[in-house]
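Structure first, then comments.
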Amino acid sequence: MAKRILITDDALFMRVTLKNILTQNGYEVVGEAANGVESVELYKQLKPDVVTMDITMPEMDGLQALKEIRALDPNASIVMCTAMGQKNMVVEAIQAGAKDFIVKPFQPDRVLEAMSKLAA
Amino acid sequence: MMKVQYVSPFAEAAVSVFEMLVGMTPERGQLAARPQLFTTQQVNIVCGITGPVEGLVIYGTSMNSALKIASKMIGMPVTQFDQLVASAIGELGNMITGNSASLLAAQGFGCDITPPTIIRGTNVKITTVDIPALVIPLNLKELGTFEVNVSLQERRKLAA
Ligand SMILES: [Mg+2]
């Protein structure tokens with residue numbers, strides 16, 4: 001069965017780009033969130049296998065959403081996908097339970113590599 | 001006076017983001033100073049920087065160039081500045097600002113950034129305080145030009 005993904009990014013362009021990469025490679029995109037609040041809400045409803053998480057977003061940023069989803073489900077698989085690549089952001093995200101950290105702009109292969117590393 | 005060391009990361013990040021995202025290497029033009037932050041461009045992306053250095057960065061370009069850049073990003077020609085195109089151009093600014101923040105962090109200024117806002121229209125003047133701006137024009141060859149306007153200052157220390 002295809003892995004079910006929830007995409008989180010405030011930019012429509014990024015959601016479309018990620019959705020194309022994932023669906024063309026056999027993943028099912030079950031939801032799209034435009035901020036951290038929507039992501040936490042959709043996580044509860046959809047129980048996706050993997051969440052992609054932008055950081056810089058209105059309403060609630062991706063680090064806060066990461067922490068809230070991990071508090072709801074300590075096994076949640078969340079891959080950060082953000083333009084903010086500085087060390088302290090990476091450390092904070094990994095300590096909060098993020099499984100991988102992709103810095104934008106990225107090559108499609110980098111996203112697929114992150115997805116395939118996560119257990120089926 | 002605004003320090004050039006805050007501006008170089010934006011030029012460096014802009015060049016590498018254009019290389020990866022648009023597939024071309026911009027040529028850096030002459031750095032210029034302006035007494036205030038403003039833009040005469042048709043399409044402007046405004047991003048905020050908060051932290052030990054704070055302020056605003058505006059990326060400006062023409063509508064024609066914005067459509068050409070967005071066409072490369074989206075992977076097909078676009079002729080209307082619709083929601084998808086606006087979000088692509090906004091995300092371009094977000095990526096440049098995010099990559100710049102990493103370079104600033106490496107200099108010891110760990111900053112956060114705000115989501116991009118797109119402002120269309122010319123002669124946009126934004127600051128209420130007179131922080132001077134430094135401007136770096138990038139020559140995108142057949143795609144046109146892309147201006148990087150940086151207006152940052154060290155956060156004022158609060159009096160004890
Ligand atoms: Mg974002």
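Order of the sequence lines sets the chain letters (A, B, ...), proteins ahead of strands, with each chain counted from 1.
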Quick check on the hydrophobic clustering: are [X] and [Y] connected, directly or via other members, by side-chain heavy-atom contacts under 4.5 Å?
| X | Y | value |
| --- | --- | --- |
| B:Phe81 | B:Leu143 | yes |
| B:Leu138 | B:Val135 | no |
| B:Leu104 | A:Val91 | no |
| B:Leu31 | B:Phe10 | yes |
| B:Ile118 | B:Ile69 | yes |

Least distance between heavy atoms, [X] atom then [Y] atom:
| X | Y | answer |
| --- | --- | --- |
| A:Met57 | B:Pro115 | C-CG, 3.7 Å |
| A:Met84 | B:Cys111 | CE-O, 3.6 Å |
| B:Asn99 | A:Lys104 | ND2-O, 3.1 Å |

Legend entry - Part of A:Asp10 within contact of chain B (heavy atom distance under 4.5 Å): side chain
Legend entry - Interface residues of residues 11-37 of chain A facing chain B - non-hydrogen atoms under 4.5 Å apart: A:Ala11, A:Leu12, A:Phe13, A:Met14, A:Val16
Legend entry - Engaged part of B:Ala105 at the chain A interface, taking heavy atoms whose separation is under 4.5 Å: side chain
Legend entry - Segment of B:Ser100 engaging chain A (4.5 angstrom heavy-atom cut-off): neither
With a cut-off of 6.0 Å (strictly less than), are more than 12 heavy atoms of other residues, nucleotides or ligands near [atom1] of [X]?
| X | atom1 | result |
| --- | --- | --- |
| B:Lys72 | NZ | no |
| A:Lys47 | NZ | yes |
| B:Gln80 | CD | no |

Legend entry - Contacts of residues 87-97 of chain B with chain A (heavy atom under 4.5 Å): B:Ser87, B:Ala88, B:Glu91, B:Asn94, B:Met95
Legend entry - Heavy-atom contacts under 4.5 Å, residues 13-29 of chain B to chain A: B:Val17, B:Met20, B:Leu21
Legend entry - salt bridge (charged side-chain N to carboxylate O under 4.0 Å, His left out) partners for A:Glu92, two or more places apart: A:Lys67
